[in-house]
Number of protein chains: 2
Amino acid sequence: MKHGKPRITHQREVILEELKSVRTHPSADELYDQVRQRLPRISLATVYRNLEFLTDQGLVQKIEVGGRQKRFDGNPEEHYHIRCLDCGKVDDVDLDRIQSLDKSISRTCGYKVIGHRLEFMGICPECSK
Amino acid sequence: MKHGKPRITHQREVILEELKSVRTHPSADELYDQVRQRLPRISLATVYRNLEFLTDQGLVQKIEVGGRQKRFDGNPEEHYHIRCLDCGKVDDVDLDRIQSLDKSISRTCGYKVIGHRLEFMGICPECSK
DNA sequence: TTATTTGCAAAAACTTTGCTGATAA
DNA sequence: TTATCAGCAAAGTTTTTGCAAATAA
């Protein structure tokens with residue numbers, strides 16, 4: 001974005017590995033806690049900067065679901081999520097991306113449609129009990 | 001939520017009127033600027049508190065699209081939005097709510113599905129020029 | 001060597017909260 | 001009258017940034 005050739009730093013590798021190792025969709029500070037178990041002296045700013053970097057590189061994705069904090073997903077493929085309205089957990093949803101939506105909206109709204117984001121909301125099995 | 005019988009204050013009325021009067025989807029501070037033209041001594045905290053109140057009452061809705069700030073919509077009916085990736089503007093999208101999605105997800109993911117949110121992303125006509 | 005990255009601290013951006021006086025009913 | 005609400009200021013939460021030291025290549 002603003003710099004020259006990116007470097008592969010240890011922090012960067014560990015952040016990517018840890019994010020890819022979980023199926024949850026952690027916020028930056030949750031991932032920070034996780035990464036600190038391997039790199040106790042890492043800073044939260046480094047986690048934020050690298051999550052931004054990895055997102056720009058297309059290696060992970062930033063997901064902006066409801067709630068206050070942004071979350072990150074080790075799977076860069078576009079897919080949909082469901083969020084528990086009780087505990088806030090975010091899971092993946094098994095539904096093919098609906099390509100036809102973008103085309104149908106392009107025809108009606110005057111925007112150049114680039115993509116869409118679909119998020120389901122519900123109560124997870126644990127919270128349902 | 002925590003109080004007894006709500007009152008109809010002047011601030012509350014003006015905030016609701018102003019939000020209903022625009023088709024944009026202002027953030028709290030944008031609406032604050034707008035409302036201040038009629039109530040110069042209102043505080044941003046009052047705007048935040050009343051937007052929360054009006055949302056709880058189902059008179060408006062809080063929309064949590066991409067970007068940093070939450071936005072508010074004077075139309076409480078569920079509908080979809082499209083956001084310009086260039087200027088950040090949010091418009092309504094003319095597409096019926098896809099009820100079938102919730103049912104199909106209920107069958108596959110174990111969640112009790114309550115609803116969904118669909119947001120399109122694109123470039124608005126002005127930014128396309 | 002040297003340009004990029006880190007850690008730290010400070011700032012920024014956005015939102016919520018405590019308190020006292022004002023006000024709707 | 002009185003419980004709710006507003007305004008103000010302060011604090012809380014999340015994210016970003018400036019800078020000097022560390023480091024990948």
Provide, to the nearest angstrom, the distance between the [atom1] atom belonging to [X] and the [atom2] atom belonging to [N].
| X | N | atom1 | atom2 | value |
| --- | --- | --- | --- | --- |
| A:R71 | D:dT14 | CZ | P | 11 Å |
| B:D56 | D:dT4 | CG | P | 16 Å |
| B:E13 | D:dA6 | CD | P | 11 Å |
| B:F53 | D:dC5 | CZ | P | 6 Å |

- Looking only at heavy atoms, which two atoms of A:C84 and A:C124 are closest? And how far apart?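 Heavy-atom minimum between the residues: SG-N, 3.4 Å.
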
- Identify the heavy atoms of B:Q69 and B:D29 that sit nearest to each other, and give their distance.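 Shortest heavy-atom contact: NE2-OD1, 2.5 Å.
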
- Message: Among residues at least two apart in sequence or on other chains, which ones pass ring-ring contact (aromatic ring centres under 6.0 Å, His included) with A:H79?
- Response: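 A:H79 satisfies ring-ring contact (aromatic ring centres under 6.0 Å, His included) with A:H81 only.
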
- Of A:T24, A:L51, A:L59, A:L54, which is the lone residue that meets side chain to side chain contact (heavy atoms under 4.5 Å, CB included) with A:L19?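 Checked A:T24, A:L51, A:L59, A:L54 against A:L19; only one passes side chain to side chain contact (heavy atoms under 4.5 Å, CB included): A:L51.
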
- Task: Note down the inter-axis angle between the two ends of the helix from C:dT1-D:dA25 to C:dA25-D:dT1, five pairs each, to the nearest 10°.
- Result: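 Between the first-five-pair axis and the last-five-pair axis there is 40°.
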
- Starting at the 5' end of DNA chain C and moving along, which residue's nearest nucleotide shows up first, B:P6 or B:D29?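 It is B:D29, whose closest nucleotide lies nearer the 5' terminus.
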
- Query: Between A:R36 and A:Y32, is NZ or CZ placed under 6.0 angstrom from the six-membered ring centre and within 45° of the ring axis?
  - Reply: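 Pair A:R36/A:Y32 counts as cation-pi.
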
- Query: Mind checking whether B:P26 and B:E18 have side chains closer than 4.5 Å, heavy atoms only?
  - Reply: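 A side-chain contact is absent here, since even the closest heavy-atom pair is not under 4.5 Å.
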
- Reading nucleotides 7-13 of chain C from the 5' end, what letters show protein touch, with B for base, S for backbone sugar-phosphate only, - for no heavy atom under 4.0 Å? BBB---S

